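Report on one structure; see the data block that follows.
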Amino acid sequence: MRKAKREAILNILEATYKDTKTALNYNSPFELLVAVILSAQCTDERVNVITSRIFPRLNTPEKMGALTQEQMEAEIRDCGLYHAKAKNLLGACHMLVEKFNSTIPSDIKTLMELPGVGQKTANVVASIIYNVPAIAVDTHVFRVSHRLGLAKGADPLATEKELQKIIPMEKWSAAHHWFIWHGRKICKARKPLCAECVLLAECPFKEKNL
């Protein structure tokens with residue numbers, strides 16, 4: 001893809017979604033970390049339902065970490081992969097209290113020491129809470145960037161590196177939200193709304209009936 005076309009696509013995305021933020025509800029760095037861990041293979045809408053129920057009671061590592069595995073599972077049972085997520089959340093709570101004085105680390109590599117925190121989760125938390133430049137590649141970012149021809153990497157990490165090369169560093173965190181919201185609203189997985197897309201003229205991926 002030529003540089004001019006690539007920049008045109010990114011400029012349109014920025015103009016369309018420049019004021020968007022995460023759809024996850026949170027009131028503290030800890031709450032955001034919990035919400036992002038819960039969001040793996042679970043919609044943000046479902047996560048917000050769960051967190052609205054548990055955060056009034058379990059909004060610190062100490063409070064949440066005091067639960068047993070069974071109690072934690074019961075709190076998040078309506079979330080996918082709740083067995084593993086309960087274990088990871090409790091492990092993260094214990095590590096935050098014991099190693100980090102109940103403070104969410106600002107460094108991406110340090111964040112990834114926490115149970116249940118991979119590259120994507122660390123990128124999201126660090127970029128939103130601490131303004132660390134990062135592009136978290138979730139299913140929306142992966143799908144949209146590939147359909148638009150901006151990336152070809154076979155996995156999220158390769159895609160992240162490709163996007164970092166073509167997007168100015170100061171826009172990495174914002175661009176993460178551009179792709180996510182475009183994926184949610186227009187470039188959906190099964191039935192993308194190509195006829196309504198602001199990028200229709202620039203996009204190499206179009207529905208067959210257009």
Side-chain angles (χ1 to χ4, degrees), residues 6 9-10 13-14 16-48 50-51 61 79-81 84-85 88-89 91-93 95-96 99-100 102-148 150-185 187 189:
R6 185 171 66 232
I9 290 174
L10 292 172
L13 283 173
E14 180 176 15
T16 306
Y17 302 104
K18 62 182 178 180
D19 296 322
T20 54
K21 304 294 182 183
T22 179
L24 295 170
N25 296 331
Y26 68 97
N27 293 300
S28 69
F30 174 70
E31 288 187 359
L32 177 64
L33 175 65
V34 172
V36 177
I37 290 175
L38 288 174
S39 71
Q41 297 186 37
C42 186
T43 66
D44 287 351
E45 292 78 9
R46 171 56 55 184
V47 172
N48 287 337
I50 296 169
T51 55
C79 184
L81 307 175
K85 289 177 182 178
N88 287 333
L89 285 171
C93 287
M95 184 177 288
L96 284 169
K99 188 174 181 179
F100 299 110
S102 298
T103 301
I104 305 302
S106 59
D107 178 72
I108 289 176
K109 289 186 178 180
T110 306
L111 274 166
M112 291 175 65
E113 294 179 19
L114 297 170
V117 179
Q119 183 81 42
K120 186 200 77 172
T121 297
N123 282 351
V124 171
V125 173
S127 65
I128 293 177
I129 299 300
Y130 298 110
N131 296 314
V132 175
I135 301 177
V137 178
D138 66 358
T139 56
H140 295 297
V141 177
F142 187 88
R143 179 177 70 256
V144 172
S145 63
H146 279 245
R147 284 180 175 176
L148 290 173
L150 298 175
K152 298 179 180 179
D155 55 58
L157 182 57
T159 298
E160 178 184 336
K161 291 180 178 179
E162 288 179 293
L163 293 176
Q164 287 176 340
K165 291 180 181 179
I166 65 173
I167 299 172
M169 182 181 290
E170 65 271 16
K171 295 184 179 182
W172 284 359
S173 297
H176 162 74
H177 296 295
W178 306 343
F179 287 107
I180 286 180
W181 283 103
H182 191 63
R184 285 193 180 123
K185 291 178 173 291
C187 199

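Since this is a predicted model, take the numbers as computed values, not measurements. Note that the numbering runs from 1 along the sequence shown for the chain.
Taking each heavy atom of P105 and L114 in turn, the nearest pair found is CD-CD1, 4.3 Å.
With rounding to the nearest 0.5 Å, the separation of CD1 in I135 from CH2 in W172 is 6.0 Å. Here H177 contributes atom NE2 and S127 contributes atom OG; the two are 5.5 Å apart, rounded to the nearest 0.5 Å. Rounded to the nearest 0.5 Å, atoms CD1 (I166) and NZ (K161) are 15.5 Å apart. Between atom CG of residue L33 and atom CG of residue L38 there is a gap of 9.5 Å, rounded to the nearest 0.5 Å.
Looking only at atom types and distance, the side chain of R143 has no donor-acceptor partner in the side chain of H146 under 3.5 Å away. Side chain to side chain, H182 and T16 fail the donor-acceptor criterion of an N or O pair below 3.5 Å.
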Task: Residue pair L13, L148: steps toward the side-chain contact (heavy atoms from CB on, under 4.5 Å) verdict - done: CA-CA 11 Å; L13 283 173; L148 290 173; 4.0 Å; yes
TODO: List the steps and the verdict of side-chain contact (heavy atoms from CB on, under 4.5 Å) for K85 and C42.
DONE: CA-CA 11 Å; K85 289 177 182 178; C42 186; 3.9 Å; yes
Open item on the list: side-chain contact (heavy atoms from CB on, under 4.5 Å), that's the test. Do C187 and F179 meet it? Break it down for me.
Closed with: CA-CA 9 Å; C187 199; F179 287 107; over 6 Å; no
TODO: Show your working on side-chain contact (heavy atoms from CB on, under 4.5 Å) between I104 and I129 and close with a plain yes or no.
DONE: CA-CA 9 Å; I104 305 302; I129 299 300; 5.9 Å; no
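Around the CD atom of Q41, the shell of radius 6.0 Å holds no more than 12 heavy atoms that belong to other residues, nucleotides or ligands.
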